[in-house]
Chemist: 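Structure provided below as structure tokens; questions to follow.
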Amino acid sequence: DVQQVESGGGSVQAGGSLRLSCTASGYTNIPFAMGWFRQAPGKEREGVAVISRGGSISYGNSVRGRFTISQDNAKTTVYLQMNSLKPEDTAMYYCAAERGSLWYGLLPRGYDHWGQGTQVTVS
């Protein structure tokens, strides 16, 4: 089965760092793009950072300069290094993958496989 397995969430104080990982498995072909989205209670899901298998990257305005997305050489694992964390970064973080061929960037509707989510809490 196709799936994304996330890890690395947790609780941290403001100013701290966390690193999230997501590994895709079960795909016949390498996903066109993978990335991270987040959703806080009562808010819409928003794009945090995404990367295509070709290396194109987009960051959400609120995380640019603090978060860094990267991928392994096999293009099946993506990492999100989160530095200078703020309380407003608190949310459930979801890994998503797109199997198509269009660059949707930070638009959640473009991604067709989602992980279960990992909680990030900044106090």
Side-chain angles (χ1 to χ4, degrees):
D1 292 342
V2 171
Q3 61 178 347
Q4 281 79 246
V5 178
E6 303 135 327
S7 63
S11 297
V12 65
Q13 291 187 336
S17 299
L18 285 173
R19 189 188 194 213
L20 306 182
S21 299
C22 172
T23 297
S25 63
Y27 289 87
T28 301
N29 299 307
I30 297 172
F32 178 79
M34 293 178 64
W36 293 94
F37 297 78
R38 67 187 183 187
Q39 188 166 17
K43 295 187 177 181
E44 292 187 356
R45 188 166 296 189
E46 65 169 340
V48 175
V50 296
I51 185 169
S52 75
R53 63 188 180 208
S56 297
I57 292 175
S58 289
Y59 289 104
N61 290 335
S62 62
V63 307
R64 190 175 293 112
R66 299 187 297 122
F67 292 9
T68 302
I69 191 169
S70 60
Q71 60 187 351
D72 68 347
N73 289 336
K75 313 295 175 68
T76 56
T77 298
V78 292
Y79 307 96
L80 185 68
Q81 178 66 43
M82 304 185 293
N83 298 328
S84 302
L85 282 161
K86 304 175 181 179
E88 50 263 44
D89 294 317
T90 296
M92 185 71 78
Y93 283 68
Y94 297 92
C95 177
E98 183 207 338
R99 296 184 298 171
S101 59
L102 296 177
W103 175 242
Y104 283 94
L106 297 171
L107 294 175
R109 64 178 174 85
Y111 295 79
D112 44 14
H113 282 282
W114 294 80
Q116 294 297 309
T118 184
Q119 178 69 36
V120 171
T121 302
V122 186
S123 59

Chemist: Just to verify, which of Y111, Y93, Y104 counts as forming a ring-ring contact (aromatic ring centres under 6.0 Å, His included) with F37?
Modeler: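 Going through Y111, Y93, Y104 one by one, the ring-ring contact (aromatic ring centres under 6.0 Å, His included) with F37 is satisfied by Y111 alone.
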Chemist: Kindly give the heavy-atom pair with the smallest separation between A49 and L80, and that separation in Å.
Modeler: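 For A49 versus L80, the nearest heavy atoms are CB-CD1, 3.9 Å.
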Chemist: Could you walk me through whether R38 and D89 pass the side chain to side chain contact (heavy atoms under 4.5 Å, CB included) check?
Modeler: CA-CA 9 Å; R38 67 187 183 187; D89 294 317; 2.9 Å; yes
Chemist: Treating E6 as the side-chain partner and Y94 as the backbone partner, does any N or O pair qualify as donor plus acceptor under 3.5 Å?
Modeler: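 No; zero donor-acceptor contacts below 3.5 Å.
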Chemist: May I ask you to check whether over 12 heavy atoms, not counting those of E88, lie within 6.0 Å of atom CD?
Modeler: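 Above 12, so yes.
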Chemist: Same cluster or not: L102 versus W114, using hydrophobic residues (I, L, V, M, F, W, Y) connected whenever any side-chain heavy atoms lie under 4.5 Å apart?
Modeler: yes
Chemist: Do you reckon W103 sits in the same ILVMFWY cluster as L106, going by side-chain contacts under 4.5 Å, direct or chained?
Modeler: yes
Chemist: Is it the case that over 12 heavy atoms from other parts of the model lie below 6.0 angstrom from the CD atom of Q119?
Modeler: yes
Chemist: Between A24 and P31, what is the shortest heavy-atom contact and its length?
Modeler: CB-CG, 4.4 Å
Chemist: Under a single-linkage definition using a 4.5 Å side-chain heavy-atom cutoff for Ile, Leu, Val, Met, Phe, Trp and Tyr, are L18 and I51 assigned to the same hydrophobic cluster?
Modeler: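 Shared cluster, yes.
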Chemist: Taking M82 as the fixed residue, which of V63, V120, V122, I69 is the one that meets the side chain to side chain contact (heavy atoms under 4.5 Å, CB included) rule?
Modeler: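 Single side chain to side chain contact (heavy atoms under 4.5 Å, CB included) partner of M82 among V63, V120, V122, I69: V120.
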Chemist: Which pair of non-hydrogen atoms, one from D72 and one from Y79, has the smallest distance, and what is that distance?
Modeler: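 Reported closest heavy-atom pair: N-CE1, 4.1 Å.
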Chemist: Where do C22 and M34 come nearest, in terms of heavy atoms and distance?
Modeler: SG-CE, 3.9 Å
Chemist: If every non-hydrogen atom of C95 is compared with every non-hydrogen atom of Q4, which pair is closest and at what distance?
Modeler: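 Here C95 and Q4 meet closest at SG-CG, 3.8 Å.
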Chemist: Same cluster for Y59 and L85 if Ile/Leu/Val/Met/Phe/Trp/Tyr side chains link at under 4.5 Å?
Modeler: yes
Chemist: Within the 3.5 Å criterion, strictly below it, is a donor on T90 or T121 matched to an acceptor on the partner's side chain?
Modeler: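 No, T121 and T90 have no side-chain donor paired with an acceptor closer than 3.5 Å.
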Chemist: Counting N and O atoms only, with roles assigned by atom type, does the side chain of R53 sit under 3.5 Å from a partner on the main chain of I30, one being a donor and the other an acceptor?
Modeler: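 Judged by distance alone, yes, a pair lies under 3.5 Å.
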Chemist: Give, for atom OG1 of T118 and atom CE of M92, the distance between the pair rounded to the nearest 0.5 Å.
Modeler: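 Atom-to-atom, T118:OG1 and M92:CE are 7.5 Å apart.
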Chemist: Can you tell me if E46 uses its side chain to pair, donor with acceptor, with the backbone of A40 under 3.5 Å?
Modeler: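 Judged by distance alone, no pair lies under 3.5 Å.
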Chemist: Kindly work out whether a path of hydrophobic side-chain contacts (I/L/V/M/F/W/Y, heavy atoms less than 4.5 Å apart) joins F67 to V50.
Modeler: no
Chemist: Between K43 and Q39, which heavy-atom pair has the shortest distance, and what is it?
Modeler: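 Heavy atoms only, the tightest pair is O-NE2, 3.1 Å.
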Chemist: Check whether Y27 forms a cation-pi arrangement with R99 (NZ or CZ under 6.0 Å from the six-membered ring centre, at most 45° off the ring normal).
Modeler: no
